[in-house]
Amino acid sequence: MRVLVIGSGGREHALAWAIHRSPGVEKVLIAPGNPGTGAHGVNVTIDPMDFEAIYDLCREEQLRLVAVGPENPLAAGIADFLTARGISVFGPMRAGAQLEASKSTAKDFMARHGIPHARYKVFERQEDAVEYVRSVPGPWVIKADGLAYGKGVTIASDMGEAVDAIGQMLSGKLHGQAGRRIVIEEFLEGIEATAMALCDGNTVFPLPMAKDHKRVFDGDKGPMTGGMGAYSPLPFVTPEMEKAIYRDILHKTFLGLKGDGVDYRGVIYAGLMLTADGPKVLEYNVRFGDPEAQCVLPRLAGDFAGLLLACAEGRLESFVSDKGIEVRDEAAVTVVLASPGYPGGYPKGLPIEGPAGPGDMHSGDVLVFHAGTGLDERGSLVTSGGRVLAVTALMPTLSQARSKAYGAIEQVTFPGVHYRKDIGGIEA
Ligand code: AMP
Ligand code: GLY
């Protein structure tokens, strides 16, 4: 079959890689892709928000499946648009995408369906929000309701900072329209972890858990980023905890969606805080995490493209009972190499030396996924974004995967490169 991947980051490189190596895949197209995805298929210069152009491509290329990487086209209804025209889409329709596109919708959903979450309130008026933070103890977690490229959360430890964030968000200065409604929630303490599952509207299957490292510096210091690295499996999550996460969160989320009449086909991503009172949901995403995908997909053996198609076509149960979702025992560690200055401003066009393209993953292999890379006028690889590359190693143990990934990073460089040195630490 012929498959189109939508997006251009490291997650989409991992998707293109995993789809390309699946049996029965004849051609992969990526819109718009990056220099790394070009190794597994054909990059097509189409904007992920240009649904008409994507549909034309589907017809011209007789595509069987469209796998959507990022949230923006999902929230804008790409799955509704293509599904109505007879194309199978991996990724939820607009109604399901609200779980990520509106934090207040997601919170109300959790409250309605008894899914553990931080206590919260929703505000549109500054006076009300300020009065509220004055009435509850800090730190205060203040979230823009809409999509803000992963940067919509302010954790304020003093009142001045909280009042300032409220004003900046509600006035539209900080996150534009996305901040004109805010959620203020209780600060939860614990360890963060990512639980993802595949859902086809009829059933739900968990994927291996992973941990993302969201802050820029070692020891979880410094500003938030899109994610500086990830690892999987998680030694601090016992099989009992994993079962509880599945039962109380992923499965309940699926039941909630079904109960609300939402035909959800794609990834349910629950960003969790493992608290002393058990796991609680911090946020939902409606797509694979980035960089979690670069770390979890290499741990999946078997027919990945077939799995996504089964999800899109509502026959996940029979696919899984036939073929199973095979998870490799090896551990994966993914380290993101970032541009100098990221997550603030950064230069582009810096020459990159030495990344090997990803090949087939055998134990001990290293994969280099491209994210913010481009080609200069001479065709040489240069930086073009904040998160430039993600290096994944798969080894029998976590500590071996960690050493392997950091060893491989020494072979890859660009001016001012920075990365965290503590990815894959037990609970870093
Ligand atoms: P979100 O986009 O909602 O996942 O928030 C981004 C990051 O903010 C999370 O990965 C957490 O590190 C932090 N965060 C969000 N909500 C809370 C909370 N209620 N308590 C503590 N930290 C939080
Ligand atoms: N790694 C977090 C995210 O994809 O939003």
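One-based numbering, in listed order, for ligands and for the atoms of each. Note that the structure is a prediction, hence the values are computed from the model and not measured.
Atom 9 (C) of ligand 1 has Glu192 OE1, 3.4 Å as its closest protein atom, hydrogens excluded (heavy atom only). In terms of protein heavy atoms, atom 23 (C) of ligand 1 is closest to Ile155 CD1, 4.0 Å. Among all protein heavy atoms, the one lying closest to atom 17 (C) of ligand 1 is Leu282 CD2, 3.5 Å. With hydrogens left out, the protein atom closest to atom 4 (O) of ligand 1 is Glu283 CD, 2.9 Å, a heavy atom. Of all protein heavy atoms, the one lying nearest to atom 19 (N) of ligand 1 is Glu185 OE2, 2.7 Å. Taking atom 6 (C) of ligand 1 as the reference point, the nearest protein heavy-atom neighbour is Val153 CG2, 3.8 Å. Of all protein heavy atoms, the one lying nearest to atom 3 (O) of ligand 1 is Lys143 NZ, 2.8 Å.
Taking all atoms of both residues into account, the shortest heavy-atom contact from His418 to Tyr342 is NE2-O, 3.2 Å.
Within ligand 1, counting atoms from 1 as listed, the ones closer than 4.0 Å to a heavy atom of Phe187 are 20 (N), 21 (C). Heavy-atom contacts of Met224 reach the following atoms of ligand 1: 7 (C), 8 (O), 12 (O), 13 (C) (cutoff under 4.0 Å). With ligand atoms numbered from 1 in the order given, ligand 1 contributes 10 (O) to contacts under 4.0 Å with heavy atoms of Lys214. Taking a cut-off of under 4.0 Å to the non-hydrogen atoms of Val141, the atoms of ligand 1 that pass are 16 (N), 17 (C), 18 (C), 19 (N), 20 (N).
Salt bridge annotation for Glu185-Lys107: present, with a cationic side-chain nitrogen under 4.0 angstrom from a carboxylate oxygen. Under the 4.0 Å criterion applied to side-chain N and carboxylate O atoms, Lys173 and Asp164 are not assigned as salt-bridge partners. Residues Glu330 and Arg299 are not paired through a salt bridge, judged by the lack of any N-O separation under 4.0 Å between the basic side chain and the carboxylate. Taking 4.0 Å as the cut-off between side-chain N and carboxylate O, Glu313 and Arg64 count as a salt-bridged pair. Salt-bridge check for Asp260 with Lys258: failed, with every basic side-chain N at 4.0 Å or more from each acidic carboxylate O.
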Find all protein N or O atoms under 3.5 angstrom from an N or O atom of ligand 2 and list the pairs with distances, or write 'none'.
{"unit_1": "ligand 2", "atom_1": "1 (N)", "unit_2": "Asp212", "atom_2": "OD2", "d": "2.8"}
{"unit_1": "ligand 2", "atom_1": "1 (N)", "unit_2": "Asp290", "atom_2": "O", "d": "3.0"}
{"unit_1": "ligand 2", "atom_1": "1 (N)", "unit_2": "Glu292", "atom_2": "OE1", "d": "2.7"}
{"unit_1": "ligand 2", "atom_1": "1 (N)", "unit_2": "Glu292", "atom_2": "OE2", "d": "3.4"}
{"unit_1": "ligand 2", "atom_1": "4 (O)", "unit_2": "Arg287", "atom_2": "NH1", "d": "2.8"}
{"unit_1": "ligand 2", "atom_1": "4 (O)", "unit_2": "Asp290", "atom_2": "N", "d": "2.9"}
{"unit_1": "ligand 2", "atom_1": "5 (O)", "unit_2": "Asn285", "atom_2": "ND2", "d": "3.2"}
{"unit_1": "ligand 2", "atom_1": "5 (O)", "unit_2": "Arg287", "atom_2": "NH1", "d": "3.4"}
{"unit_1": "ligand 2", "atom_1": "5 (O)", "unit_2": "Arg287", "atom_2": "NH2", "d": "3.1"}

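Applying the ring-ring contact (aromatic ring centres under 6.0 Å, His included) criterion to Tyr419, with sequence neighbours excluded, gives no partner residue.
The closest approach between a heavy atom of Lys280 and any atom of ligand 1 is not below 4.0 Å.
Checked against a 3.5 angstrom limit, the closest N/O atoms of Leu188 and ligand 1 fall inside it.
A donor and an acceptor atom, one from each side chain of Ser8 and Asn34, are nowhere located under 3.5 Å apart.
By the 30° and 60° cut-offs, the orientation of the rings of Phe236 relative to Tyr231 is perpendicular.
Counting heavy atoms of neighbouring residues, nucleotides and ligands inside a 6.0 Å radius, atom CZ of Phe187 exceeds 12 of them.
For an aromatic pair to be called close, the ring centres must be under 6.0 Å apart, and Phe123 with Tyr132 satisfies this.
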(request) Show the numbers, then the answer: is there a side-chain contact (heavy atoms from CB on, under 4.5 Å) between Leu297 and Phe304? (result) CA-CA 9 Å; Leu297 300 193; Phe304 183 68; 3.7 Å; yes
